[in-house]
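In what follows, a structure is listed as structure tokens, so that the remarks can point back to it.
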Amino acid sequence: MRLSANAIALRTAGLSSAIFTLAALAGGSLGISTALAALASLVVAGLAFRDRRPLSGRVVTTGERRQKHAFGPAAVLAALPDPVVIVDRRGLVVDANRAAIAVLPGLRNAHPLSFALRAPDVLDGLDRVVKGGKAEAVEFVERVPVERAFEVHIAPLSDEAGADAGRAGAALYFRDLTPARRLEHMRVDFVANASHELRTPLASLMGFIETLQGPARNDAAARERFLAIMREQAQRMARLIDDLLSLSRIELSVHVQPTAIVDVIALLRHMIDTLAPLARERGVEIVLEAPPGPVNVRGERDELLRVFENLIENAVKYGEGGGRVDVRVATTAPGSGGGEVSVVVRDYGPGIAPEHLPRLTERFYRVDVAASRGKGGTGLGLAIVKHIVMRHRGRLAIASDVGRGASFTVTLPALGDESQN
């Protein structure tokens with residue numbers, strides 16, 4: 001059985017790419033991402049040199065043709081989840097998968113890659129590779145429309161003749177480093193902030209203990225006063241640790257949507273009754289405005305209680321100057337996207353300046369650090385609210401006018417009529 005010249009070239013290219021892939025994986029010098037780029041090279045070799053004629057002396061059936069088309073190199077390239085771009089030796093785009101087009105919308109076949117990718121380091125690396133160089137890995141940062149970091153692996157593609165010392169082109173494999181970079185920044189910020197938040201109460205405790213062991217050893221009045229402060233600081237650390245653990249648990253299950261049925265109205269009435277003593281102490285009236293009957297959503301009862309507790313308690317504490325907190329529940333009729341339940345918690349206090357609004361749900365971010373600590377805040381409440389709402393496939397919106405109060409709106413998917421009966 002004889003193979004055509006194109007088929008021989010394809011198998012040769014495939015063997016070379018396979019060897020390169022195994023060598024990269026075994027040696028560890030190029031990494032898994034480069035090995036994947038070599039796999040893309042195999043795909044491109046198939047695209048460029050696949051044999052369209054049947055094997056000698058044998059008729060290829062229609063079913064075999066369909067199977068060959070369905071599982072051919074083009075289908076494999078399209079199925080790759082990461083962006084892959086194929087260029088020829090002149091730097092003109094030959095092919096690209098959907099992921100690449102999503103990252104580089106300006107990609108056009110037979111147009112230079114430089115029209116869509118403005119990254120000099122990547123283009124210089126591509127130029128070296130197509131001129132006979134080895135595979136390279138280059139990093140670049142895209143800042144528009146949002147900042148994203150990529151590691152681009154550039155793998156050379158040999159042409160069919162093989163004897164030509166030049167190159168047929170190259171495959172560019174884009175590995176998105178943005179999530180890893182953001183996670184690393186979050187980890188660093190989290191450790192720095194958490195250690196800072198714990199350092200202050202710990203320093204206070206150590207100072208008071210040393211004082212009680214020394215000058216105030218026999219001072220009963222000082223001892224009682226210091227012990228009260230020490231208890232307050234210990235409670236602050238306990239709240240901080242509890243919030244950190246809660247946030248970690250919520251983040252671990254954020255991708256799992258709750259399935260239980262919860263009545264939002266019943267939760268709000270329970271939470272308003274629970275916070276009534278705090279509201280009376282601060283001279284604040286909590287007013288609930290809700291439709292009659294239950295309003296059901298799919299959710300985790302304890303987590304939704306935590307959401308409304310944080311929002312209503314914050315409104316009472318930080319908006320106490322207004323003397324009133326409104327809690328309003330509204331529903332929208334089911335449409336093409338389904339109905340929604342909105343819970344708005346509004347206070348009439350001093351409000352929040354616009355520059356603070358985008359950062360309110362960040363961990364440990366406070367508008368007024370001293371006021372927050374004085375009211376027992378840990379700086380994690382709104383971060384917990386945001387992650388719980390995300391887990392429930394909802395949205396959190398914050399609006400405020402300085403001097404006129406602030407409103408926090410939680411919007412959750414509503415259940416259909418058949419689920420509420």
Side-chain angles (χ1 to χ4, degrees), residues 181-252 274-275 277-279 281-282 284 302-303 306-307 309-321 347 349-353 355-388 398 406 408:
R181 295 280 173 86
R182 287 178 180 170
L183 185 62
E184 179 63 19
H185 291 160
M186 287 174 59
R187 184 188 67 81
V188 173
D189 292 342
F190 177 79
V191 171
N193 289 323
S195 61
H196 175 74
E197 292 292 329
L198 288 170
R199 184 182 294 115
T200 302
L202 279 174
S204 298
L205 288 174
M206 292 178 65
F208 287 128
I209 291 172
E210 290 174 358
T211 303
L212 290 173
Q213 289 177 334
R217 181 188 300 272
N218 299 317
D219 189 338
R223 182 169 62 247
E224 292 300 320
R225 185 172 68 255
F226 290 165
L227 286 174
I229 299 175
M230 291 169 65
R231 177 183 176 83
E232 179 183 338
Q233 295 298 323
Q235 289 174 337
R236 176 183 167 190
M237 285 193 295
R239 286 194 303 270
L240 178 60
I241 293 171
D242 288 342
D243 283 351
L244 288 173
L245 292 175
S246 297
L247 188 57
S248 297
R249 286 193 296 267
I250 295 165
E251 287 179 329
L252 286 175
T274 302
L275 294 174
L278 174 65
E281 177 185 336
R282 296 177 180 264
V284 176
D302 290 342
E303 290 187 358
R306 188 72 179 273
V307 167
E309 178 187 20
N310 270 291
L311 295 181
I312 299 174
E313 185 177 6
N314 284 349
V316 170
K317 288 181 177 179
Y318 301 104
E320 58 182 314
D347 67 70
I352 304 168
E355 62 269 20
H356 296 296
L357 295 180
R359 301 192 60 190
L360 285 179
T361 56
E362 294 181 12
R363 295 175 178 85
F364 300 110
Y365 186 81
R366 299 179 176 94
V367 175
D368 187 333
V369 176
S372 175
R373 289 177 177 170
K375 297 176 187 296
T378 62
L380 293 172
L382 289 178
I384 292 173
V385 168
K386 180 186 73 172
H387 282 81
I388 292 176
I398 306 173
F408 295 77

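Since the structure is predicted, the reported quantities are computational estimates derived from the model, not experimental observations.
- Considering Leu247, Leu244, Thr361 in turn, Leu247 is the only one that fulfils the side-chain contact (heavy atoms from CB on, under 4.5 Å) rule with Ile384.
- Looking at heavy atoms from C-beta onward, Gln233 lies out of side-chain contact with Met237 at the 4.5 angstrom threshold.
- Between the CG atom of Leu275 and the CD atom of Glu281 there is a distance of 12.0 Å, given to the nearest 0.5 Å.
- Taking each heavy atom of Arg223 and Leu212 in turn, the nearest pair found is CA-CD2, 3.6 Å.
- Of the inter-residue distances, the one linking Asn310 atom CG with Glu313 atom CD reads 7.0 Å to the nearest 0.5 angstrom.
- Here the closest heavy-atom approach between residue Ala216 and residue Phe226 is recorded as CB-CE1, 4.3 Å.
- Looking at heavy atoms from C-beta onward, Leu240 lies in side-chain contact with Leu380 at the 4.5 angstrom threshold.
- Residues passing the side chain to side chain donor-acceptor pair (under 3.5 Å) test with Asp243, sequence neighbours excluded: Arg306, Thr378.
- Arg359 is linked by a side chain to side chain donor-acceptor pair (under 3.5 Å) to Glu362, counting only residues two or more places apart in sequence or in another chain.
- To the nearest 0.5 angstrom, Leu360 atom CG is 11.0 Å from Lys386 atom NZ.
- Taking OG of Ser246 as the start and CG of Asp302 as the end, the distance is 10.5 Å to the nearest 0.5 Å.
- Among Leu382, Val385, Val307, the one residue that satisfies the side-chain contact (heavy atoms from CB on, under 4.5 Å) test with Phe408 is Leu382.
- Taking the side chain to side chain donor-acceptor pair (under 3.5 Å) definition, one finds that Glu303 meets it with Arg391, sequence neighbours left out.
- Counting only heavy atoms from C-beta outward, the side chains of Asp347 and Asn314 never approach each other to under 4.5 Å.
- Put simply, CZ on Arg225 and CZ on Phe208 are 8.5 Å apart, with the number rounded to the nearest 0.5 Å.
- How far CD1 of Ile250 is from CD1 of Ile388: 3.5 Å, rounded to the nearest 0.5 Å.
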